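Just so you know, these numbers come straight off a predicted model, no measurement behind them.
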Amino acid sequence: MEFQIQDPILVVGLGGAGCRLATSIKEGLGCDSLLISHDPKDLNHESSKILINTSPVLNPSAYLIRGISFGARSSIAQRLESYSTIMIVANLAGKSGAALAPVVSQIGKELGKSVLSFGIMPFKFEKDRIFFSGVSLKRLKANSDCTIIIDNDALLDSNPDLTPDSCNTITNAALMHVVSTLKNSSLPLKTNILSTSKDIPDVETSLRDSIKMLYEDAPPNNIKSALLYVVGGNKVPIGVLNSMVSTVSGIFSNDSTRVSLSVSNGEKIQSCFANLNRRRDSF
């Protein structure tokens with residue numbers, strides 16, 4: 001089965017990065033958004049918003065933010081009630097994102113909404129955040145019909161010359177390109193991995209780097225299906241596109257693995273994105 005986007009859609013941004021991305025998604029899809037954070041600076045956007053007030057604590061822990069958020073459950077539920085699809089965007093490396101993602105996704109599930117979640121994972125050098133983000137991801141996945149994981153660390157491992165900020169910029173752009181196609185394409189249910197590449201003008205090199213990032217997270221024989229996104233693919237020869245699909249199909253050892261292609265317009269050939277559904281979950 002596949003996840004189908006149904007109107008009306010509400011994009012929920014959690015924490016700083018989640019709020020910024022949700023605001024961009026709102027503009028791109030023409031839908032409503034709800035921003036939730038414990039930091040008032042994250043809510044400095046023209047959107048509906050809920051502040052998780054941790055005052056007078058200046059540097060609250062993720063556990064405290066989650067605990068206080070339960071007092072806002074009725075307000076959150078009221079904001080979600082009139083929508084069919086709830087799209088949650090959370091940076092699980094941040095305190096607000098990791099603390100609030102399980103709470104908001106559970107409310108969406110209890111209301112019977114279709115829940116699509118995007119979880120951005122921390123870098124492995126952020127050791128103090130890895131455990132809590134992993135627990136949050138497990139709960140987010142359990143409450144979501146479809147989860148897309150963006151692993152910044154896998155991009156950094158396959159491109160060690162990148163800075164953390166560069167990795168965030170690249171993966172955020174990949175997420176936005178995928179979101180922009182959601183009304184015209186479908187996603188496999190459950191867990192997906194979004195892999196991408198640097199801004200490379202050569203689409204075949206971009207594909208290679210996307211696959212390299214994928215290898216950091218999932219053995220090819222665990223892949224059930226793959227959706228290959230080619231931004232700027234309208235300027236790529238058909239023979240090259242066909243060769244790319246054949247190459248990706250040949251990497252997966254299981255003949256039943258389904259590979260499909262999505263081509264979008266672009267000023268230049270920016271990147272090649274693979275959106276993958278795993279046979280087994282190891283996140």
Side-chain angles (χ1 to χ4, degrees), residues 13-22 24-25 42 62 88-99 101 117-138 140-141 147-179 191-220 222-223 226-232 248 251 268-278 280-283:
L14 306 178
C19 290
R20 289 192 296 273
L21 286 167
S24 298
I25 292 171
D42 298 337
I88 298 172
V89 186
N91 179 11
L92 301 181
K95 288 190 292 185
S96 271
S117 58
F118 293 86
I120 304 171
M121 300 302 292
F123 298 101
K124 63 169 168 269
F125 60 75
E126 299 176 296
K127 297 184 183 298
D128 58 327
R129 303 178 181 184
I130 291 176
F131 175 77
F132 195 83
S133 64
V135 173
S136 294
L137 176 61
K138 182 177 180 179
L140 179 64
K141 287 164 51 181
T147 304
I148 299 176
I149 300 169
I150 302 97
D151 187 6
N152 275 321
D153 194 63
L155 178 61
L156 186 59
D157 278 350
S158 58
N159 297 276
D161 58 311
L162 291 174
T163 65
D165 283 348
S166 297
C167 288
N168 286 322
T169 298
I170 292 168
T171 53
N172 289 351
L175 185 153
M176 291 302 301
H177 283 297
V178 171
V179 168
T191 306
N192 298 266
I193 300 172
L194 175 60
S195 62
T196 183
S197 72
K198 295 186 291 185
D199 187 353
I200 303 171
D202 178 20
V203 69
E204 292 172 313
T205 303
S206 180
L207 173 61
R208 182 196 65 196
D209 279 10
S210 295
I211 293 171
K212 186 178 179 182
M213 179 179 171
L214 170 65
Y215 266 68
E216 298 291 336
D217 284 325
N222 281 1
I223 303 302
L227 178 55
L228 188 64
Y229 293 86
V230 184
V231 181
V248 173
I251 290 171
K268 57 181 179 178
I269 303 168
Q270 295 180 322
S271 299
C272 186
F273 312 118
N275 187 17
L276 303 121
N277 179 246
R278 307 183 66 176
R280 299 194 303 271
D281 294 342
S282 63
F283 272 92

On a heavy-atom basis, which atom in [X] and which in [Y] lie closest, and how many Å separate them?
X	Y	result
G15	S96	CA-CB, 3.6 Å
F132	A62	CE2-CB, 3.4 Å
G13	C19	O-SG, 3.7 Å

I88 vs L14, side chain to side chain contact (heavy atoms under 4.5 Å, CB included): CA-CA, chis, key distance, verdict: CA-CA 8 Å; I88 298 172; L14 306 178; 3.7 Å; yes
Other residues, nucleotides, ligands: >12 heavy atoms within 6.0 Å of F125 CZ: yes
Sequence-distant partners of S117, side-chain hydrogen bond (donor to acceptor under 3.5 Å, both in side chains), two or more places apart: S144, T147
Roughly how far apart are [X] [atom1] and [Y] [atom2], rounded to 0.5 Å?
X	Y	atom1	atom2	answer
D161	S166	CG	OG	8.5 Å
E126	L92	CD	CG	11.5 Å
L162	L155	CG	CG	5.5 Å
M121	D153	CE	CG	9.5 Å
I150	N192	CD1	CG	10.0 Å
F118	N172	CZ	CG	11.5 Å

Pairing residues for D165 by the salt bridge (Lys or Arg N to Asp or Glu O under 4.0 Å) criterion, not counting sequence neighbours: none
R20: salt bridge (Lys or Arg N to Asp or Glu O under 4.0 Å) partners, not counting sequence neighbours: none
Check: L21 and I120 side chains under 4.5 Å, non-hydrogen atoms: yes
Heavy-atom check, side chain of L175 versus side chain of I148, under 4.5 Å: no
